[in-house]
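Computed from a prediction, not measured in an experiment: that's the story for all the values here. In what follows, chains are A, B, ... by sequence order, proteins preceding strands, each numbered from 1.
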Number of protein chains: 2
Amino acid sequence: MEKRKLLFQEKRTGTVTIIDVAREANVSPSTVSRVLNNAGTISPATVNSVYKAVEKLGYEPNMLARSFRKKETRTILILTPNMTNPYYSNILSGISDMSREMSYSSFICNTSAGTEQVKETLEMLPKHRADGAILLASEKGETWIRDFSEAYPIVQCSEFDPEIPVPHVSIDNYKAAVEAVRYLIRLGHRKIGTISSVNHYLSTQLRLRGYQDALTEAGIKPETRLIGYASKDYNYASGCAIAEKLLSMQDRPTAIFCISDVLAMGAINTAKKLGLRVPQDISIIGFDDVEQTAMFSPQLTTIAQPCYALGQKSAELLFMKLARGENIPMETVLPYEMVLRESTGPRPV
Amino acid sequence: MEKRKLLFQEKRTGTVTIIDVAREANVSPSTVSRVLNNAGTISPATVNSVYKAVEKLGYEPNMLARSFRKKETRTILILTPNMTNPYYSNILSGISDMSREMSYSSFICNTSAGTEQVKETLEMLPKHRADGAILLASEKGETWIRDFSEAYPIVQCSEFDPEIPVPHVSIDNYKAAVEAVRYLIRLGHRKIGTISSVNHYLSTQLRLRGYQDALTEAGIKPETRLIGYASKDYNYASGCAIAEKLLSMQDRPTAIFCISDVLAMGAINTAKKLGLRVPQDISIIGFDDVEQTAMFSPQLTTIAQPCYALGQKSAELLFMKLARGENIPMETVLPYEMVLRESTGPRPV
DNA sequence: TTTCGTCATGCAATCGTTTGCATAAATCAA
DNA sequence: TTGATTTATGCAAACGATTGCATGACGAAA
């Protein structure tokens, strides 16, 4: 038993508990609890006096105790590779807002250090620190995700592995890429390059395939020399580097499809550096439509992803699963939109 | 008492508890607890068998129970006005990483809806959902923060109210502004404008004052007509609008000091639109040095804030307070750096 | 050999809620 | 009027850990 010197007062902790409220309202703790959770049947008079007591004592329920007893944290876990990246931060924002709406809190965890960190962070689920999780970016082939998903509610947002049966929400990356490249073809371009990435995201793979298929479908033979691979994290510098390679070859492409806006900006700035005008000499199309591009000139033609909505939807699905049990769709596809701006134009003659 | 049909097994919940481990290791739960927390003195043999049991049963401590008992959540609360803003997201990143290092988790909460939402979110502290909080942006005059700060560990990052005694970390905004404007003066500029904001952040106020004092000190009389106020949230569009006003007046400024990079980019793009070359016709200097500006051309001359470090430091202070009680400094000032790039140049003749 | 620490461990209370069951009072049906 | 419901509330047992105290064993000092 713990040391406590009780002299005249029966109870003297700084914080006021449900028992204090009960005493004040002349009812039992159970009744207070029921009032506060409006569960069971309680007479209006009792309800009233309980609330009055709560008010008077400034009682705040101890969520730790509550969660402990109810075995529910009302907290979700969000794993993001990099919250500094505007693409992800917009998704996070969508998740956050939806969480608040459902009166959930969210642990947002950077997992930039890779798979080990992801696993470690997911341990929060068995440790009862969160009720479910949203994964923002898992590469293909991470089968251990399946194990977690079998034991806990998990939703994958934007990236997923089709082999692993975890509910996910994303756009149709393949179709989007096809549409982007078709558009370039319609502008008359024939030598079309792409800046992809060496990462193992499904989206990357699909966009590359879309690019190739769109070319083939138009009777253009995809050339490996026109495919560049940026670094794993798509960063600006690697976009510049790859663009430099593509644009300085003889018989260079007249248009480039980039799998992200950041890469596209790198490509554009590199083109300018090489003395090429965009879009007169070279057309460049991006992907994502992060808001930062609004300040860029020329303004980017790009595939707009509904980042915020992706986040919202993922959260919504997770909450459905948490509330109603099983039945949420395995695959949710949100619409993208191709937005035409200034970085693309007809093939130079 | 709760319904539970125990037939042959003494215990049959899905999750394995400390009691199961104790049974498996032939010790008492207290001993297991002591091993896991390496508290008290335990024989190596016992330690061993406990770990073996933990391993065998795949035991994961129930953090909810632990937190409840220990009255400590090992979670902090972070209030941010907008996690999508790169300035904040970098701070968040710093806080996050430091948290992980100290094995804390963090609730990141958007409080874009304003004061009411901030208050409501801070209720997590009395409700025992978090041990302390970091506030990323509080406007001047929010005295209720004092009340929370008296009852709970709170640190303010980047913005604060000097009237309210809450520990805070930031850069010296006044000095930075002075330095920026002095630099413009040194380049020969005399008609120097500024784009400030109508918000009530202390930093905004200090930067404006720094601007004015630097002019005065050089014998230049500050002119109200050269001061523009962007919208409360500093957004790009309002930067453009104010810049347009400043640049289209007759006797226009030849240099503009902007209190954020986003505003500076708005100003630059507007200048270009008006046919002015940057920096040949007009010099523009920003503030913050968010990484997005690297893709902008001309590259921004700006005051670089150590966002990530600001976050780290705030977290560090909070953890010190949580661990060791009171003694953390009221004011922590981190160094900024003026970085000279392409958007500023000598006064046009 | 006796006495006294120190070491290693167990006992049982406790943290603040929620909740299954019991019960008393009130309402209703017959 | 009486038995059957319903309504309103209380009792006390959980939930799964931590921890103050008690205790038994062992080794060292006297």
S.K.: I'd like to know if the side chain of B/S43 pairs up with that of B/T46 as donor and acceptor (distance under 3.5 Å, no hydrogens or angles considered).
M.R.: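 Yes.
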S.K.: Of the nucleotides D/dC11, D/dT19, D/dC15, which has the atom closest to the A/K71 side chain?
M.R.: D/dC15
S.K.: Return the set of residues passing side chain to side chain contact (heavy atoms under 4.5 Å, CB included) with B/T41 (not counting sequence neighbours), or none when no residue passes.
M.R.: none
S.K.: Is the phosphate of C/dT9, meaning OP1 or OP2, less than 4.0 Å from a side-chain N or O of B/S43?
M.R.: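 Yes.
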S.K.: Would you call the rings of A/Y104 and A/F319 parallel, tilted or perpendicular, taking 30° and 60° as the class edges?
M.R.: tilted
S.K.: Can you pull out every ring-ring contact (aromatic ring centres under 6.0 Å, His included) where at least one residue sits in residues 27-85 of chain A? Sequence neighbours excluded, please.
M.R.: A/F68-B/F68
S.K.: Which parts of residues 34-42 of chain B get close to DNA chain D, meaning a heavy atom less than 4.0 angstrom away?
M.R.: B/R34, B/N37
S.K.: Can you list, by residue number, the residues of residues 49-67 of chain A that have a non-hydrogen atom closer than 4.0 angstrom to DNA chain C?
M.R.: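 Heavy-atom cutoff 4.0 Å gives A/Y59, A/P61, A/N62, A/A65, A/R66.
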S.K.: Can you measure A/N26 atom CG to D/dA8 atom C1' for me and round it to whole angstrom units?
M.R.: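 So the two atoms are 16 Å apart, to the nearest Å.
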S.K.: Classify the side-chain pair A/D131/A/T73 by whether it contains a donor and acceptor separated by less than 3.5 Å.
M.R.: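 On atom types as modelled, these side chains qualify, holding a pair under 3.5 Å.
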S.K.: Using five pairs at each end of the helix from C/dT1-D/dA30 to C/dA30-D/dT1 to define an axis, what is the angle between those two axes, to 10°?
M.R.: 40°
S.K.: Taking any heavy-atom pair under 4.0 Å as a contact, classify B/T31: base, sugar-phosphate, or nothing.
M.R.: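 It contacts sugar-phosphate atoms only.
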S.K.: Out of D/dT18, D/dC11, C/dC11, which nucleotide sits closest to the side chain of B/I18?
M.R.: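 In terms of side-chain proximity for B/I18, the closest of D/dT18, D/dC11, C/dC11 is D/dT18.
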S.K.: Checking the side chain of B/R100 only, and the main-chain atoms of A/N110 only, is there a donor and an acceptor separated by less than 3.5 Å?
M.R.: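 Side chain of B/R100 to backbone of A/N110, a donor-acceptor pair under 3.5 Å: yes, one is there.
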S.K.: Does the structure show A/F68 stacking with C/dT17, if we require the centres to be closer than 5.5 Å and the planes to be within less than 30 degrees of parallel?
M.R.: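 No; by the centre-distance and plane-angle rule, A/F68 does not count as stacking on C/dT17.
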S.K.: Send over the distance from B/N48 CG to C/dA8 P, rounded to a whole Å.
M.R.: 14 Å
S.K.: According to the salt bridge (charged side-chain N to carboxylate O under 4.0 Å, His left out) rule, which pairs have a member within residues 48-66 of chain A, sequence neighbours left out?
M.R.: A/E24-A/K56
S.K.: I'd like to know if A/S30 reaches the base of D/dC11 with its side chain such that a donor and an acceptor end up less than 3.5 angstrom apart.
M.R.: yes
S.K.: Check whether any side-chain N or O of A/N37 sits under 3.5 Å from a backbone N or O of A/A39 as a donor-acceptor pair, and report yes or no.
M.R.: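 A pair under 3.5 Å: no.
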S.K.: Identify, with sequence neighbours excluded, every residue that meets side chain to side chain donor-acceptor pair (under 3.5 Å) alongside B/S138.
M.R.: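 By the side chain to side chain donor-acceptor pair (under 3.5 Å) rule, B/S138 matches B/Q156.
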S.K.: Of the candidate nucleotides D/dA17, C/dT9, C/dG10, which contains the atom at the shortest distance from the side chain of B/T46?
M.R.: C/dT9
S.K.: Indicate, with a heavy-atom threshold strictly under 4.0 Å, whether B/V27 touches base, sugar-phosphate, or nothing.
M.R.: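 Answer is sugar-phosphate: B/V27 comes under 4.0 Å of backbone atoms only.
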S.K.: Output the rounded distance in Å from CZ (A/R23) to P (C/dG16).
M.R.: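 Interatomic distance, CZ of A/R23 to P of C/dG16: 12 Å.
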S.K.: Please list residues of residues 119-131 of chain B whose heavy atoms come under 4.0 Å from any atom in DNA chain C, ordered by number; otherwise none.
M.R.: none
S.K.: Any sub-3.5 Å donor-acceptor pair from A/S106's side-chain atoms to A/I108's backbone N or O?
M.R.: no
S.K.: Which pairs pass ring-ring contact (aromatic ring centres under 6.0 Å, His included) with one or both residues in residues 107-150 of chain A, sequence neighbours excluded?
M.R.: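 Those involving residues 107-150 of chain A are A/F107-B/F107.
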S.K.: Given C/dT19, D/dT19, C/dG16, identify the nucleotide with an atom nearest to the side chain of B/S33.
M.R.: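 So the nucleotide nearest the side chain must be D/dT19.
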S.K.: Which whole-number value in Å describes the distance from A/R74 CZ to C/dT17 C1'?
M.R.: 16 Å
S.K.: Under the salt bridge (charged side-chain N to carboxylate O under 4.0 Å, His left out) rule, collect the residues that match up with A/K313, sequence neighbours excluded.
M.R.: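 Residues passing salt bridge (charged side-chain N to carboxylate O under 4.0 Å, His left out) with A/K313: A/E316.
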S.K.: OP1 or OP2 of D/dG10 less than 4.0 angstrom from a side-chain nitrogen or oxygen of A/S28, does that happen here?
M.R.: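 Yes, within the criterion.
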S.K.: Restricting to side chain to side chain donor-acceptor pair (under 3.5 Å), what partner residues turn up for A/T75, sequence neighbours left out?
M.R.: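 Once residues adjacent in sequence are excluded, the partners of A/T75 under the side chain to side chain donor-acceptor pair (under 3.5 Å) criterion are B/R129.
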S.K.: Could you pull out all residues at least two apart from B/A25 that satisfy side chain to side chain contact (heavy atoms under 4.5 Å, CB included)?
M.R.: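 In terms of side chain to side chain contact (heavy atoms under 4.5 Å, CB included), with neighbours along the sequence ignored, B/A25 is linked to B/V27, B/S49, B/V50, B/A53.
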